[in-house]
Amino acid sequence: MSMDIPALNARYGIPGEVGLTEQAGGMIVVEVSNPHAEASIALQGAHLMTWTPRGAHPVIWLSEDAKLVPGKSIRGGVPVCWPWFGPHASEPTFPGHGFARTVPWELAETGRLVNGASRLVFRILQNDATRVQWPHPSELELHVVVGPTLEIELVTRNTGDAPFTVGGALHTYFEVGDVRRARVHGLDGCPYIDKVDGGARKRQSGPVTIAGEVDRIYLESTADCVIEDPVLGRLIRIAKRGSASSVVWNPWIEKAAKMGDLGKDGYLRMLCVESTNADADVVDIAPGAEHRLWVRYSVEDLG
């Protein structure tokens with residue numbers, strides 16, 4: 001899709017803080033730099049690729065071999081899974097996790113908050129192909145606040161005259177020093193679906209640790225999740241609203257090798273803890289109503 005970068009910067013840019021650039025391959029990226037942090041968001045998928053607080057290690061992981069190719073999901077960052085999570089319920093030819101992460105979005109609004117954080121609003125651009133997969137009149141926006149914390153809100157509005165049901169996720173890749181030493185707190189006691197073990201139903205006991213492939217949908221999960229990272233000496237706190245399920249995912253060695261874009265030993269440096277509406281945790285939206293999936297990521301020193 002053709003973009004007039006100078007016109008977009010004239011309309012939405014904030015000098016020295018927010019600007020749009022065209023990357024190799026034609027992908028348009030919004031670059032954010034303010035007193036609190038730096039971030040980058042691709043217009044394709046409204047895909048937040050990086051967030052790095054000032055003076056700190058990156059919090060959001062982006063593969064060194066990520067391919068910025070139109071129509072292909074970017075490996076790392078925060079892919080937006082919408083309007084379903086996982087495979088489509090009845091159409092196996094439709095893309096896994098929906099189409100939102102691979103179609104163009106537009107930048108609709110930018111601004112500076114009182115505390116110096118940057119706020120951006122993205123809106124999905126639907127087309128004939130997406131309407132075949134999702135025939136329901138709707139609007140989808142992503143609101144991002146880049147500051148001392150990172151806030152992301154996925155807003156689904158029903159603009160039609162009939163209810164519909166949506167699933168989805170903010171499929172966030174977090175950077176860790178060594179995933180084998182990381183622990184995820186906040187899921188103790190939650191039932192989960194173990195997709196590595198044929199969908200077996202289990203219950204979490206204690207923190208989640210990674211010593212092999214992990215792909216789990218945690219149900220009844222509304223509390224904060226906290227990634228404890230002794231290698232980087234920090235805690236990453238994941239607070240959320242509008243979500244009663246969470247996914248913890250790491251592909252481990254064999255699956256990572258088959259993926260081709262995870263980078264050398266990339267699986268050791270990333271851990272997905274996703275705020276989701278997955279499995280039975282889907283959302284019914286009445287005509288004229290909306291649903292908001294909100295997350296806030298913050299970093300604390302590991303004392």
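Sequential numbering from 1 along the given sequence is applied to the chain's residues.
- Between the side chain of E220 and the backbone N or O of T222 there is no donor-acceptor pair closer than 3.5 Å.
- Here the CZ atom belonging to R241 is positioned 9.5 Å from the CZ atom belonging to R292, to the nearest 0.5 angstrom.
- Under a 3.5 Å cut-off, the side chain of S243 and the backbone N or O of T276 do form a donor-acceptor pair.
- A donor-acceptor contact shorter than 3.5 Å links the side chain of N158 to the backbone of A162.
- Under the 4.5 Å side-chain criterion, counting only non-hydrogen atoms from C-beta, R216 is in contact with V208.
- Using a 30° and 60° split on the angle between ring planes, Y267 and W252 fall in the perpendicular class, above 60°.
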Practice prompt. Tell me, with the steps shown, if I238 and D224 meet side chain to side chain contact (heavy atoms under 4.5 Å, CB included).
Written response: CA-CA 5 Å; I238 303 154; D224 291 4; over 6 Å; no

Worksheet item: Passes side chain to side chain contact (heavy atoms under 4.5 Å, CB included), R75 versus D65? Steps please.
Response: CA-CA 8 Å; R75 181 64 62 196; D65 288 348; over 6 Å; no

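- Of the charged side-chain nitrogens involved, none lies within less than 4.0 Å of a carboxylate oxygen, so that E64 and K264 do not count as a salt-bridged pair.
- Taking Ile, Leu, Val, Met, Phe, Trp and Tyr as hydrophobic and joining them when side-chain heavy atoms fall under 4.5 Å apart, one finds V29 in a cluster with M27, M49, L62, L68, I74.
- Residues satisfying the side chain to side chain donor-acceptor pair (under 3.5 Å) criterion with R234, sequence neighbours excluded, are absent altogether.
- Atoms SG and CH2, from C272 and W61 in turn, are 8.5 Å apart once rounded to the nearest 0.5 Å.
- A salt bridge links D279 with R201: at least one charged nitrogen is closer than 4.0 Å to a carboxylate oxygen.
- In this structure the side chain of P104 never reaches within 4.5 angstrom of the side chain of Q44, judged on heavy atoms.
- Scanning both residues, P79 and G76, for their nearest heavy atoms gives CD-O, 3.6 Å.
- Distance check, rounded to the nearest 0.5 Å: NZ of K255 to CG of N250 gives 10.5 Å.
- One distance of note links OG1 of T110 with CG of L120; it measures 6.5 Å at 0.5 Å rounding.
- Between V59 and L150, the closest side-chain pair of non-hydrogen atoms is not below 4.5 Å.
- M270 has its side chain within reach of P251: a pair of non-hydrogen atoms, C-beta onward, lies under 4.5 Å apart.
- Comment: E109 does not engage R123 in a salt bridge, judged by the lack of any side-chain N to carboxylate O separation of less than 4.0 angstrom.
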Practice prompt. I would like to know whether E106 and Y12 meet side chain to side chain contact (heavy atoms under 4.5 Å, CB included); could you show each step before the answer?
Written response: CA-CA 11 Å; E106 64 179 347; Y12 297 111; 5.8 Å; no

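- A continuous path of hydrophobic side-chain contacts links V226 to L302 [ILVMFWY only; heavy atoms under 4.5 Å].
- A donor-acceptor contact shorter than 3.5 Å links the side chain of H36 to the backbone of N115.
- Without hydrogens or angle criteria, T149 side chain to S298 main chain gives no donor-acceptor distance under 3.5 Å.
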Discussion item. The test is side chain to side chain contact (heavy atoms under 4.5 Å, CB included); show your working for V103 and L125 and say whether it passes.
Written reply: CA-CA 7 Å; V103 301; L125 296 172; over 6 Å; no

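- No path of Ile, Leu, Val, Met, Phe, Trp and Tyr side chains, each step under 4.5 Å between heavy atoms, connects L232 with V299, placing them in separate hydrophobic clusters.
- Between the CG atom of D229 and the CZ atom of R183 there is a distance of 12.0 Å, given to the nearest 0.5 Å.
- Residue S221 comes nearest to L187 through the heavy atom pair OG-CD2, 3.4 Å, listed as atom of the first residue, atom of the second, then distance.
- Salt bridge status for E228 with R181: absent, with no side-chain N to carboxylate O gap under 4.0 Å.
- Other members of the cluster containing V121 do not exist, because no ILVMFWY side chain is joined to it at under 4.5 Å.
- Looking only at side-chain heavy atoms (C-beta outward), P95 and R101 stay at 4.5 Å or farther from each other.
- Judged by distance alone, the side chain of H97 and the main-chain N or O of F85 form no donor-acceptor pair under 3.5 Å.
- Under the 4.5 Å side-chain contact rule for hydrophobic residues, V80 and F94 share a cluster.
- H171 and Y173 have parallel rings, their planes meeting at less than 30° on a 0 to 90° scale where 60° marks the start of perpendicular.
- Residue Y218 comes nearest to C190 through the heavy atom pair CD2-CB, 4.0 Å, listed as atom of the first residue, atom of the second, then distance.
- The closest side-chain heavy-atom distance from W134 to V166 is below 4.5 Å.
- When side chains are defined from C-beta on, D197 counts as touching K202, because their heavy atoms get closer than 4.5 Å.
- In this structure, E254 contributes its side chain and A257 its backbone to no donor-acceptor pair below 3.5 Å.
- Connection of W82 to F164 is established within a shared hydrophobic cluster, with ILVMFWY side chains joined at heavy-atom distances below 4.5 Å, either directly or through further cluster members.
- No salt bridge links D261 with K67; every basic N to acidic carboxylate O contact stays at or beyond 4.0 Å.
- Applying the 6.0 Å contact sphere to CZ of R54 captures more than 12 heavy atoms from other residues, nucleotides or ligands.
- With hydrogens and angles disregarded, a donor-acceptor distance shorter than 3.5 Å links the side chain of D281 to the backbone of A244.
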Worksheet item: Would S63 and R269 satisfy side-chain hydrogen bond (donor to acceptor under 3.5 Å, both in side chains), going step by step from the backbone distance to the final call?
Response: CA-CA 9 Å; S63 171; R269 302 192 304 277; over 6 Å; no

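- Here CG of L48 is found 9.0 Å from OH of Y297. Values are rounded to the nearest 0.5 Å.
- Here the closest non-hydrogen pair linking L219 and S245 is CD2-CB, 4.4 Å.
- Shortest non-hydrogen contact noted between A46 and L142 is O-CD2, 3.3 Å.
- Within 6.0 Å of the CZ atom in R157, the count of heavy atoms belonging to other residues, nucleotides or ligands exceeds 12.
- Put simply, the side chain of F99 does not reach to within 4.5 Å of the side chain of N127, judged on heavy atoms.
- E300 CD: more than 12 foreign heavy atoms inside a 6.0 Å radius.
- By the rule that hydrophobic residues join a cluster once side-chain heavy atoms approach within less than 4.5 Å of another member, L8 and I41 end up as members of one cluster.
- Residues A117 and G147 come closest through the heavy atom pair CB-CA, 3.8 Å.
- More than 12 heavy atoms of other residues, nucleotides or ligands lie within 6.0 Å of CG in D265, so this atom counts as buried by the packing criterion.
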